[in-house]
Amino acid sequence: MHHRVREIIAAVPPGRVATYGDIAALAGVPNPRQIGWVLREDGGDLPWHRILRATGVPAEHLRTEQLALLRAEGVVAHGSRVDLRRYRWDPDADHD
DNA sequence: TACATGACTCTTT
DNA sequence: CAAAGAGCCATGT
């Protein structure tokens, strides 16, 4: 399960973002909180900064760095909120 | 075994 | 659009 989640997060391309819920759904994990758990335990080598809350706002303790990393990839945040309508990763449309 | 915690989400106010 | 409450599941004590 752990592995499946890592796999999917690793597949999120630069300049795109996904929510905890998105990853959970794709990985077949019932509770999005588990995604956060995986990242905390074993997310050091993953693009964790591409994972946001459903609101588009990153987890509070990561807010600053996460937004900075995203901005470096071209993902701009308005205030602390990223426009998901624009940057949300679509697994079926990653063919570009 | 029971209770508390947490990189969360959804629905209702 | 923001705030509050309930639901959720793996871990640690």
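A, B, ... follow the sequence lines: proteins, then strands. Residue 1 opens every chain.
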Problem - Rounded distance (nearest 0.5 Å) linking atom CD1 of I8(A) with atom CH2 of W89(A) - result: 7.0 Å
Fill in the blank from the handout: Output for pair (L70(A) CG, E65(A) CD), nearest 0.5 Å, gives 10.5 Å
Handout entry: Exam field: side chain E73(A) to backbone P14(A), donor-acceptor pair closer than 3.5 Å
Key = no
Practice task
Could you tell me the separation between the CD1 atom of I23(A) and the CZ atom of R50(A), rounded to the nearest 0.5 Å?
Solution key: 11.0 Å
Completion exercise
The contact string for nucleotides 7-13 of chain B, one letter per nucleotide 5' to 3', using protein heavy atoms under 4.0 Å with B, S and - for base, sugar-phosphate only and none, comes out as BBSS---
Handout entry: Donor-acceptor pair, side chain of R6(A) and main chain of L46(A), under 3.5 angstrom
Key = no
